Amino acid sequence: MADNLQRITAEIAAACAHVGRLPSDVTLVAVTKYAELAWVRRLVELGVRDLAESRPQQLVERAETLPSEIRWHLIGHLQRNKVKSVLRRTELIHSVDSLRLLERISGVAAEQSLRPRVLLEVNVAGEAAKDGLPFAELMSQWDAFQAVPQVDIVGLMTMAPLAADPEAARPVFRALRQLRDELATQAAPHVKLTELSMGMSGDFVVAIEEGATLIRIGSRLFEGL
Ligand SMILES: *Cc1c(COP(=O)(O)O)cnc(C)c1O
């Protein structure tokens, strides 16, 4: 695992150098949804602090078991009835895909005296089977999203369609960045859209070139184990 991590870290540095960005501006979020607990512990020993789960229940179980310095990210679909259990445990929710869900998060945050940070998940490619807000819906509801109290919307997230060629993801990532720039011009003063969560094992180099600040990597970390 140390070798995998080292290779990925080198690829992140090279991608940053290629476009004149600082490696410190890109956070590697290790996706542990298919990883055994022993592997997750090893990652933490190797210094990885940002871990992601796609199922709220597994996130909560692991957060209770593993060291408290871990920052947990939720990247999978969140049902409104799971918000209560997961909110206190998460550093960042990447997968807010409706106004109703954001309102639910806001309500629970008020009860628990929290101020969660969230990303809005966008279905850039318009794939019918994918989670995420359609472009047009987000644009038309942007003022309503921003008006939800007790939460900080800090950026956008997307998943590119699966493809053999990472270049196929480039237009998707570029479109997400442009959407962020567009929403930022219409943002209330307290809303700072600094984060772009995009790029996975197969396409994170392209995502960094297009401005990703959070890359979500699972299989590459654990391959060969
Ligand atoms: C599983 C998953 C990842 C990681 O995918 P890999 O290809 O294994 O790196 C990233 N983002 C989301 C939303 C996922 O569900």
Side-chain angles (χ1 to χ4, degrees), residues 1 3-12 15 26-37 39-40 42-43 46 48-62 70-79 82 86 89-98 101 117-134 138 154-170 172-173 175-177 180 195-225:
M1 191 180 312
D3 290 351
N4 291 345
L5 182 60
Q6 206 166 23
R7 274 192 288 270
I8 292 165
T9 307
E11 286 177 37
I12 293 170
V26 178
T27 299
L28 166 65
V29 179
V31 178
T32 52
K33 64 186 178 199
Y34 299 135
E36 294 170 19
L37 207 53
W39 301 355
V40 184
R42 181 79 184 115
L43 266 184
L46 291 169
V48 177
R49 288 291 172 275
D50 289 275
L51 303 185
E53 289 288 340
S54 56
R55 286 175 39 233
Q57 191 181 336
Q58 183 155 312
L59 187 154
V60 170
E61 283 168 17
R62 290 186 159 187
I70 296 169
R71 293 181 289 265
W72 289 100
H73 298 246
L74 183 69
I75 59 173
H77 183 64
L78 178 58
Q79 287 175 299
K82 296 281 169 59
V86 88
R89 303 290 188 180
T90 46
E91 170 76 16
L92 183 62
I93 300 173
H94 294 230
S95 43
V96 172
D97 57 4
S98 72
L101 174 59
R117 298 166 71 242
V118 307
L119 305 177
L120 304 181
E121 179 176 357
V122 186
N123 184 350
V124 175
E127 288 177 286
K130 276 270 168 68
D131 291 333
L133 285 148
L138 176 51
V154 298
L156 304 180
M157 180 272 228
T158 200
M159 280 174 87
L162 269 184
D165 180 5
E167 282 300 325
R170 191 181 295 279
V172 174
F173 296 152
L176 190 74
R177 187 187 60 196
R180 187 273 308 272
E195 307 299 329
L196 288 174
S197 171
M198 55 192 197
M200 318 201 315
S201 289
D203 53 22
F204 70 88
V205 167
V206 171
I208 291 170
E209 290 172 357
E210 296 299 329
T213 61
L214 298 153
I215 54 173
R216 310 179 308 268
I217 300 190
S219 47
R220 273 285 306 272
L221 277 168
F222 306 110
E223 72 191 0
L225 295 182

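Everything quoted here is computed from the prediction, not taken from an experiment. All heavy atoms count here, side chains included; hydrogens, waters and symmetry mates do not. Both ligands and their constituent atoms are indexed starting at 1 by order of listing.
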Participant: Side-chain donor-acceptor contacts of residues 218-225 below 3.5 Å, not counting sequence neighbours, with atom names and distances?
Facilitator:
unit_1: S219; atom_1: OG; unit_2: S201; atom_2: OG; d: 3.2
unit_1: R220; atom_1: NH1; unit_2: E11; atom_2: OE1; d: 3.3
unit_1: R220; atom_1: NH2; unit_2: E11; atom_2: OE2; d: 2.9

Participant: Using a cut-off of under 3.5 Å, which N/O atoms of ligand 1 pair up with protein N/O atoms, and what distance separates each pair?
Facilitator:
unit_1: ligand 1; atom_1: 8 (O); unit_2: S219; atom_2: N; d: 2.8
unit_1: ligand 1; atom_1: 8 (O); unit_2: S219; atom_2: OG; d: 3.0
unit_1: ligand 1; atom_1: 9 (O); unit_2: S201; atom_2: N; d: 3.0
unit_1: ligand 1; atom_1: 9 (O); unit_2: S201; atom_2: OG; d: 2.5
unit_1: ligand 1; atom_1: 9 (O); unit_2: G218; atom_2: N; d: 2.8
unit_1: ligand 1; atom_1: 11 (N); unit_2: R216; atom_2: NE; d: 2.8
unit_1: ligand 1; atom_1: 15 (O); unit_2: K33; atom_2: NZ; d: 2.7

Participant: Return the CD1 to CG distance between I208 and L214, rounded to the nearest 0.5 Å.
Facilitator: 11.0 Å
Participant: Which is it for T213 and E195 under the side chain to side chain donor-acceptor pair (under 3.5 Å) test, yes or no, and what are the steps along the way?
Facilitator: CA-CA 6 Å; T213 61; E195 307 299 329; 2.7 Å; yes
Participant: Is any side-chain heavy atom of L78 closer than 4.5 Å to one of V86?
Facilitator: yes
Participant: For the atom pair CG (L43) and CG (N4), what is the distance rounded to the nearest 0.5 Å?
Facilitator: 9.5 Å
Participant: Only one of R89, Q58, H73 clears side chain to side chain contact (heavy atoms under 4.5 Å, CB included) with E53; which?
Facilitator: Q58
